[in-house]
Amino acid sequence: MERNEIKIGLFGFGCVGQGLYDILQQTPGFKAEIVKICCRNSEKSRPLGNEYFTFDKNDLLNNPDINVIVELIDDAEAAKEIVVGALNNGKAVVSANKKMISENFEELINLQNKLKTPLLYEAAVCGSIPILRNLEEYYDNDLLKSIQGIVNGTTNYILTEMITNKISFDIALAAAQTQGYAESDPTMDVEGFDAKYKLHIIMAHAFGLVIDPANIINIGITQINEFDIKYATEKGLKIKLVAHAIKLKSNKIIALVIPEFVDSSNELFQVDGVFNGIVTENTFVNKNFFVGKGAGSFPTASAVLSDLSALSYNYKYEYKKRFQAPDFQYTDDHLIEIYLRYNQINFNNSLFDEIIEEYKSRQNNYVVGKISIKSLKQLINNHKSDYSVILKNINP
Ligand code: HSE
């Protein structure tokens, strides 16, 4: 099969952009060339000659020598303008910007359909793990029951450091930043927003469901304290930030990002450090488990390379489940079992459907109980700090 030659206009030359440049240098068999790079800061010194760089986006978007725009910038609003401009100009796009994609998902899907120009974003979800194309192609049927996993490298790195190596949250976060794992605003990572954007994208490819991301509850890891870690380690458990999209017996879909106690029988138990892990459950094959580095320059750039290669043979997402599959509905009306540790707050006990265990001491108290996702949203809206929530069990 004849493959298209890829002529790249690259936006952003940070951690991932430079990684892509390096990887392309080492894959001479793949016909792809970076024609021009657009950056924001004209003062920075760069490892490539000035002739590569421009500071005007139109030098890329209107350049007839460029057929693919690779968007690897941080600013989601600027990224959206670039992506829409490129698609409208008939240029295929590769992006790693999960926030931008998630926040404009419906519009971007419709635009691709209308213009018949592809936008690929494997690098936006789970770094080096090829999950989106697997969901699109291999799981191209109604048999998928759930997809659950660690989708944020920074928080997994921090939790591993805190639990296994007894390092403080602040030091672990600083190390994740130094290694290029964290978002430029690390709140996105540690409060679970980054994981939520990824889960939102996963849901579209897994179940054909695009909902308002604001509906998806995201609880981060900032409130986890030493008491929680002691509770986990005494029971041989680890705490992981896990994203869940599960089809219930009623065929409705639940989605949440929440810290979770995982035991050694769970595949995610062994996924430590910057690694991500995804477990899919299928009606006839029980489970599949995907693992790989979820953040950092080369893992992310490798996923970009794979998208570029896919474009060279005209691959595009068809969103088959969205357009052909049964219409799944999202629900937050489902009971989950959580551990809620609190110090001072007077939380509303009646939000729980059932209290299974209660512990009180001078400083740390906790309850284990069953609560609906909807009531958990309410609890979190009422109280911003002074407690932690960790998932114990979801029973679909
Ligand atoms: N900050 C993200 C993470 C980068 O830690 O997973 C990769 O998407």
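Remember, predicted model here, so these are calculated numbers, not experimental data. Numbering of ligands and ligand atoms starts at 1, following listing order.
- Looking at M188 against ligand 1, nothing comes within 4.0 Å, counting heavy atoms.
- In N152, the parts holding a heavy atom less than 4.0 Å from any atom of ligand 1 are both the side chain and the backbone.
- At the top of the distance list for atom 2 (C) of ligand 1, counting protein heavy atoms only, stands E183 OE2, 3.1 Å.
- For ligand 1, the atoms closer than 4.0 angstrom to any heavy atom of D189 are 1 (N), 2 (C), 3 (C), 5 (O).
- Relative to the ring axis of F207, R322 does not place its NZ or CZ within 45° and under 6.0 Å from the centre.
- With hydrogens left out, the protein atom closest to atom 8 (O) of ligand 1 is K98 NZ, 2.7 Å, a heavy atom.
- A perpendicular orientation is assigned to the rings of Y181 and Y157, their planes being inclined by more than 60° (bins at 30° and 60°).
- With a 6.0 Å cutoff to the six-membered ring centre and a 45° limit on the axis angle, K98 does not count as a cation-pi contact of Y197.
- For ligand 1, one of its N or O atoms has an N or O atom of G153 under 3.5 Å away.
- Side-chain rings of Y342 and Y366 stay apart, their centers remaining 6.0 Å or farther from each other.
- Geometrically, K235 engages Y231 in a cation-pi contact, judged by NZ or CZ lying under 6.0 Å from the ring centre and within 45° of the ring axis.
- Ligand 1 lies out of reach of G127, whose nearest heavy atom is not under 4.0 Å from it.
- Across all non-hydrogen atoms, the minimal contact from K91 to I66 is NZ-O, 2.8 Å.
- Under a 4.0 Å criterion applied to the non-hydrogen atoms of A295, ligand 1 contributes the atoms 3 (C), 4 (C), 5 (O), 6 (O), 7 (C).
- Residue D189 is tested with N156, N152, T155 for a side-chain hydrogen bond (donor to acceptor under 3.5 Å, both in side chains); the sole match is N152.
- For the pair N97 (side chain) and I73 (backbone), a donor-acceptor distance under 3.5 Å is present.
- Of all the atoms in ligand 1, the ones that sit under 4.0 Å from a non-hydrogen atom of K198 are 2 (C), 3 (C), 6 (O), 7 (C), 8 (O).
- Residue G294 has at least one heavy-atom neighbour below 4.0 Å for each of these atoms of ligand 1: 6 (O), 7 (C).
- With hydrogens left out, the protein atom closest to atom 5 (O) of ligand 1 is T154 OG1, 2.6 Å, a heavy atom.
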